[in-house]
Amino acid sequence: MNQTANLSEPLPEDTLPYRVTVEQADFMLPGGIHSFAFAVYEGEWLLIAGRTNGLHNVNNTDPTSNSFPVSQQNTIVYVVNATTGASYYRSLYDPSSLLSQTQIDLLSVTNSLFYYSESKKTLYLIGGYGIDTVSNAMETKQALTAIDVPNLIKWVKNPANSRSAFACLRFTFHPLLQLTGGVMWQSNEHRPYLLAFGQNFDGNYVTLSNGTYSQQIRPIQIIDNGRSVYVQPYDQPVPLPNYRRRDLNVVPIVKKMEKSLSMSYTALSGVFTPSPDPTDDDNTPGAWTVPIEINPDGSSQMLDTNNPNTIGQAMNNYTCPNMGLYSKKTNTMYTLLFGGISASIFGDGSNCNGDPNPQCNCCTAWVPARGNIFQACCNLPFTNDITTIEIDKNGIYRQYIMSETFPIINSNPPVCPTFPPVTCSITPTPLQTIYYFGANAAFIPTSGLPTYPNGVIAFDKLGSTSTFVGYIVGGIASTITDTNCTTDSQSSNYIFKVTISPQ
């Protein structure tokens, strides 16, 4: 069940001051990757950690079986030049890395928290879920790895004329860092780093298993003199049940406060709500739908669920590429969310099997017709839809459905042995499916954009012509909207270009 019984139906894009276009770029990643960390230095992307398969096994009931196979932890470091499209890659197992197996384990986790400090040219990688080779056990790491981005890029591109990968790294450990599926931010160097939400999951994942959710926004100080790195905790907030969230978007926000502009954050949706009765199929965990507003010091407040103006976020509820625009003229904040996983869809009302929820069966596996009928889903299906979350001058949140979607890219038909289900009354001939993008992908902005200090784009300075604003990179590509089958998805090596056109 979702946090709120009712979801706020997204509005049409007509009143928004822009349109968005997403098109496939003319270059791709050398290999698929999702749930990774990244940094950008002098026009080159550094991609590290993450996974190389698709959706993990959500049907596993055997605690001795690993739903996150070690062989599909990403142990390749990628460097991509966005200007030329050239890419470079090197394995962490390359002899020139001089890394131990334990260090490789720390650098190949999935869903780590990370933040790139441009002033220090350092990517901070925190926690993440992965193997401990020594014990052969899956765990959430309690490590912080400080990565010297310029020199690790040099190692990837030309190890013979650079320092080793090991020489580009520094490590420290603390229990507060033991998180996966959260988000890391810092508003400026005089403010704490914030470790927002996430969980500590140890052992193998089995169906409906849970880790220990932090239910917090943890403020910490990272003391980094360039040689050694340490973590100094601040006083930690009391865990709150409504903060039991992971795999969500925590986005930077700009708003006008009296005569000055304020930089803050908003946590949008995330998963999973606790099931009132885990044995009841109608009470499966759902999405959180009410935003949480976060100040630069980590203090926060969830919007009032009793206020009729409070949004119940209906779409793009899972980690997905996102980008922010702020109009100073109208004091309005816009956040675009690209694809991923949604609690609802706009469909054509079709319903095979007579199921009251169209997403509850594999009959939706082929290309569903996008219509104008708002439909809540009993599961959380993959989507290619794009929405905008608007925060107006009065602090009211609204969600808008954009006419643009991810490009239609045909996929191979699903190979899940139960597809198509024999009860489906209609089967396309030949069966054709497409990829659904966005889950655990990243938005990487292009250089030279007019931005506020927290990276939000200054919309009023874009002018009246279309502006290329950045790329969507990697993620999970699923061939079915609603699937429990690992063979129906894969990691994506696609790259997409995003353009904003003021209206």
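The basis for the numbers below is simple: all heavy atoms, side chains too, and nothing from hydrogens, waters or symmetry mates.
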Open item on the list: With heavy-atom distances below 4.5 Å as the criterion, would you say the side chains of Val271 and Pro285 are in contact?
Closed with: no
- [ ] Side-chain contact test, heavy atoms from C-beta onward, threshold under 4.5 Å: evaluate it for Pro453 versus Asn188 and give yes or no.
- [x] no
TODO: State, to 0.1 Å, how close Arg90 and Ser96 come at their nearest heavy-atom pair, and which atoms those are.
DONE: CD-OG, 4.4 Å
Task: Mutual orientation of the aromatic rings belonging to Phe406 and Phe437 [parallel < 30°, tilted 30-60°, perpendicular > 60°] - done: tilted
- [ ] Apply the test ring pair (Phe, Tyr, Trp, His ring centres under 6.0 Å) to residues Phe338 and Phe496: give CA-CA distance (whole Å), side-chain angles for both, the deciding distance (0.1 Å), then the verdict.
- [x] CA-CA 11 Å; Phe338 297 87; Phe496 299 96; 9.9 Å; no
TODO: Report, as yes or no, whether the 6.0 Å neighbourhood of atom OH on Tyr93 holds more than 12 heavy atoms from other residues, nucleotides or ligands.
DONE: yes
- [ ] Would you please test Phe114 and Phe38 for ring pair (Phe, Tyr, Trp, His ring centres under 6.0 Å) and show each step?
- [x] CA-CA 8 Å; Phe114 66 93; Phe38 70 90; 5.4 Å; yes
Open item on the list: Nearest 0.5 angstrom please: Leu195 CG to Ile217 CD1, how far?
Closed with: 10.5 Å
Task: Side chain proximity check, Asp202 to Gln178, heavy atoms < 4.5 angstrom - done: yes
Open item on the list: Donor-acceptor check, side chain of Ser344 to backbone of Ala314, threshold 3.5 angstrom: yes or no?
Closed with: yes
Open item on the list: Applying ring-ring contact (aromatic ring centres under 6.0 Å, His included), can you list everything that pairs with Phe171, at least two apart in sequence or on another chain?
Closed with: none
Open item on the list: Taking the side chain as everything from C-beta on, heavy atoms only, tell me whether Tyr213 gets closer than 4.5 Å to Phe272.
Closed with: yes
- [ ] Specify the closest pair of heavy atoms between Ala146 and Thr122, including all atoms of both residues, with the distance to one decimal.
- [x] CB-CG2, 3.9 Å
Task: Side-chain heavy-atom pair Asn249, Cys320 within 4.5 angstrom cut-off - done: yes
Task: Any side-chain donor near an acceptor of the partner, Asn316 and Thr387, under 3.5 Å - done: yes
Open item on the list: Measuring from atom OG of Ser164 to atom CG of Leu99, what distance do you get when rounded to the nearest 0.5 angstrom?
Closed with: 7.0 Å
Task: Among Lys120, Arg170, Lys121, salt bridge (charged side-chain N to carboxylate O under 4.0 Å, His left out) partner for Asp224 - done: Arg170
Task: Heavy-atom pair of closest approach, residues Ser108 and Thr75 - done: CB-CG2, 3.9 Å
Task: Among Thr335, Asn309, Asp392, Thr266, the one residue meeting side-chain hydrogen bond (donor to acceptor under 3.5 Å, both in side chains) with Tyr397 - done: Thr266
Open item on the list: Using a 6.0 Å cut-off, check whether atom CG of Asn307 has over 12 heavy atoms from anything other than its own residue.
Closed with: yes
Task: Neighbour count above 12 (heavy atom, 6.0 Å) for Tyr89 OH - done: no
Task: Heavy-atom side-chain proximity of Tyr124 to Ser117 below 4.5 angstrom - done: yes
Task: pair Glu293-Ile253: side-chain heavy atoms closer than 4.5 Å - done: no
Open item on the list: So if I apply the ring pair (Phe, Tyr, Trp, His ring centres under 6.0 Å) rule between Phe197 and each of Trp185, Tyr243, Trp288, which one comes out positive?
Closed with: Tyr243
Task: Flag for Thr4-Asn6: side-chain donor and acceptor within less than 3.5 Å - done: no
Open item on the list: Test of understanding: with salt bridge (charged side-chain N to carboxylate O under 4.0 Å, His left out), list the residues that count as partners of Asp385, not counting sequence neighbours.
Closed with: Arg370
Open item on the list: Any non-hydrogen side-chain atom of Asn331 less than 4.5 Å from a side-chain atom of Tyr326?
Closed with: yes
- [ ] With sequence neighbours excluded, tell me which residues meet salt bridge (charged side-chain N to carboxylate O under 4.0 Å, His left out) with Glu44.
- [x] Lys157
